[in-house]
Amino acid sequence: MRKLIIIGSGPAGFTAAIYAARANLEPLLIASSVEAGGELMNTTEVENFPGFPEGIMGPDLMAKMQEQAEKFGTEVLYDDATALDLTGDIKKVTLGSGVTHEAEAIVFATGSAPRKLGVAGEQRLSGHGVSYCATCDGFFFREQEIAVVGGGDSAIEEATFLTKFASKVYVIHRRDELRASKIMQDRAFANEKIEFVWNSEVVDVLGDDAVNGLLLRDTVDGSTRELPVTGVFVAIGNDPRTHLVHGSLDLTEHGTVWVDGRSSRTSVPGVFAAGDVIDPTYRQAVTAAGSGTVAALDVEHYLAARGDAGTPAQDAAEIDGLTDTA
């Protein structure tokens, strides 16, 4: 039996693993068999993660996080958690292989997934002009004409942000009015770089090695036309990956896992959550990493109270390495 199992291999999961491993909790981290590394594996250059002034490729950043976690004793298992039993003091995680692992504590860090358009060319050109994060990739579209798909607050916020870089931003929306808040609409309508494409839906993303246009269908008369752009940002919402804990953990009105205040404590003792699966707002690698830190510290305090931690729980400064305990 393990002291700790971490489910999820994004920034939250691996940061939790680094801290937990340094506290001698010998965590087992369940990384997906096909999506290990989280959303950063689909990101090209990351320029806003602290410590990398020259930028770093998303997959390289995740490889470094994994290397650091394993250096301190984390075991990484490439399989998929298919079922959880969170009742009782001992938690059980069943994998796709059929093997069940037991632990005294769980960190649930499965992240969230951006909703996809589900059209031809989208997956093929993901990372080559198709993006789901304006703050991550907007810089790469300086003085280019690009598009944002969506009509809610997130879409309008991304469109407004992208005007810092692009020469023109088309906002493509299925209807003839936005769902975004009035103040955000007013801001966008006043921005001369933003042009609205009403009553339109994307039916194809065009391009061989990179995006060079979109095929749009008019939702009123069914006619189609091409819109030449070099990038498209899909902003139709994110879905936290909570399917494993439906009926087991309390969720918020946003569909994210509920946690107690600024902690990572969920509605079930011994189960902690971190990263995008608890965050409907920011969804950044650095905030997910910070959340993973909180989860690891909470786990150590929980196990120490049970008398099961590898080392006595001391103050957060010592756990964080600010006090030399080596």
Side-chain angles (χ1 to χ4, degrees), residues 2-23 25-42 49 58 61-62 64-66 68-70 72 74-84 86 91 93 95 101 103-114 238-246 248-252 254-260 262-268 270-300 302-303:
R2 305 273 180 165
K3 293 185 178 70
L4 172 64
I5 294 176
I6 299 168
I7 304 172
S9 56
F14 273 124
T15 304
I18 291 167
Y19 274 72
R22 289 187 69 244
L25 299 184
E26 300 176 337
L28 173 66
L29 186 144
I30 308 299
S32 169
S33 61
V34 293
E35 295 181 330
E39 291 300 308
L40 280 185
M41 298 300 288
N42 300 318
F49 197 90
L61 177 59
M62 294 318 304
K64 287 181 178 295
M65 286 189 180
Q66 179 171 344
Q68 191 171 0
E70 290 178 325
F72 293 116
T74 299
E75 180 183 350
V76 178
L77 186 59
Y78 294 99
D79 205 337
D80 300 297
T82 58
L84 304 180
L86 305 180
K91 319 303 180 186
V93 181
L95 305 180
H101 292 271
E104 297 176 65
I106 297 284
V107 169
F108 192 68
T110 51
S112 68
N238 283 68
D239 294 314
R241 294 187 174 102
T242 58
H243 60 282
L244 286 173
V245 296
H246 285 178
S248 299
L249 299 180
D250 289 349
L251 304 180
T252 70
H254 303 290
T256 53
V257 174
W258 176 89
V259 292
D260 183 13
R262 297 184 63 189
S263 79
S264 65
R265 296 185 296 272
T266 71
S267 56
V268 174
V271 181
F272 306 83
D276 286 5
V277 79
I278 68 170
D279 176 13
T281 304
Y282 300 105
R283 298 194 301 272
Q284 298 294 302
V286 68
T287 53
S291 181
T293 301
V294 171
L297 298 178
D298 285 345
V299 167
E300 189 184 7
Y302 169 79
L303 293 177

inquiry  = Applying the side chain to side chain contact (heavy atoms under 4.5 Å, CB included) criterion to Thr242, which one of Thr110, Thr256, Val277 satisfies it?
reply    = Val277
request  = Give a yes or no on whether the backbone of Leu95 and the side-chain of Asp79 come within a donor-acceptor separation of less than 3.5 Å.
outcome  = no
query = Does CD in Glu26 sit with more than 12 non-hydrogen atoms of other residues, nucleotides or ligands closer than 6.0 Å?
reply = no
Residue pair Ile5 / His101: nearest heavy atoms and the distance that separates them = CD1-CB, 3.6 Å
ask   = Any idea which heavy atoms bring Ser248 and Ser267 closest together, and the distance?
value = O-OG, 4.4 Å
request  = May I ask you to test the Val76-Phe14 pair for a side-chain heavy-atom distance under 4.5 Å?
outcome  = yes
query = Gly255 and Pro240: which non-hydrogen atoms are nearest, and at how many Å?
reply = O-CG, 3.2 Å
ask   = Does the side chain of Val299 come within less than 4.5 Å of Val107's, by heavy atoms?
value = yes
Which atom of Tyr78 lies closest to which atom of Ser32, heavy atoms considered = CD2-O, 3.9 Å
inquiry  = Donor-acceptor pair, distance only, cut-off 3.5 Å: does the side chain of Thr266 make one with the backbone of Leu249?
reply    = no
query = How long is the gap from NZ on Lys64 to CZ on Phe49, to the nearest 0.5 Å?
reply = 12.0 Å
key: Value rounded to 0.5 Å, distance of CD in Gln66 from CG in Leu61   = 12.0 Å
key: Donor-acceptor contact present, side-chain Arg241 to main-chain Ser112, <3.5 Å   = yes
message = What's the separation between atom CZ in Arg22 and atom CD in Gln68, rounded to the nearest 0.5 Å?
response = 9.0 Å
message = Test side chain to side chain contact (heavy atoms under 4.5 Å, CB included) on Val294 and Arg262; report intermediate values, then the result.
response = CA-CA 9 Å; Val294 171; Arg262 297 184 63 189; over 6 Å; no
inquiry  = Return the CZ to CD1 distance between Phe108 and Ile7, rounded to the nearest 0.5 Å.
reply    = 6.0 Å
task = Mind running side chain to side chain contact (heavy atoms under 4.5 Å, CB included) on Leu251 and Val257 for me, showing each step along the way?
result = CA-CA 4 Å; Leu251 304 180; Val257 174; 4.1 Å; yes
ask   = In a check of side chain to side chain contact (heavy atoms under 4.5 Å, CB included) between Leu77 and each of Val93, Leu29, Ile30, which one passes?
value = Ile30
message = Measuring from atom OH of Tyr302 to atom CD of Glu104, what distance do you get when rounded to the nearest 0.5 angstrom?
response = 7.5 Å
query = Is a donor on one side and an acceptor on the other found under 3.5 Å between the side chain of Asp279 and the backbone of Thr281?
reply = yes
query = Where is the tightest heavy-atom contact between Ile278 and Ala273, given as atom of each residue plus distance?
reply = CG2-CB, 3.5 Å
query = Do you know which two heavy atoms are closest between Thr15 and Pro11, and how far apart they sit?
reply = OG1-O, 2.6 Å
ask   = For Ala274, does its backbone N or O pair with a side-chain atom of Ser291 as donor and acceptor, under 3.5 Å?
value = no
ask   = Is the side chain of Asp260 donor-acceptor paired with the backbone N or O of Ser263 at a distance under 3.5 Å, no angle test?
value = no
request  = For Lys91 and Leu86, indicate whether the former's side chain and the latter's backbone hold a donor-acceptor pair under 3.5 Å.
outcome  = yes
query = Crowded around His246 NE2? As in, over 12 foreign heavy atoms under 6.0 Å?
reply = yes
message = Rounded to the nearest 0.5 Å, what separates atom CZ in Phe272 from atom CG in Leu297?
response = 11.0 Å
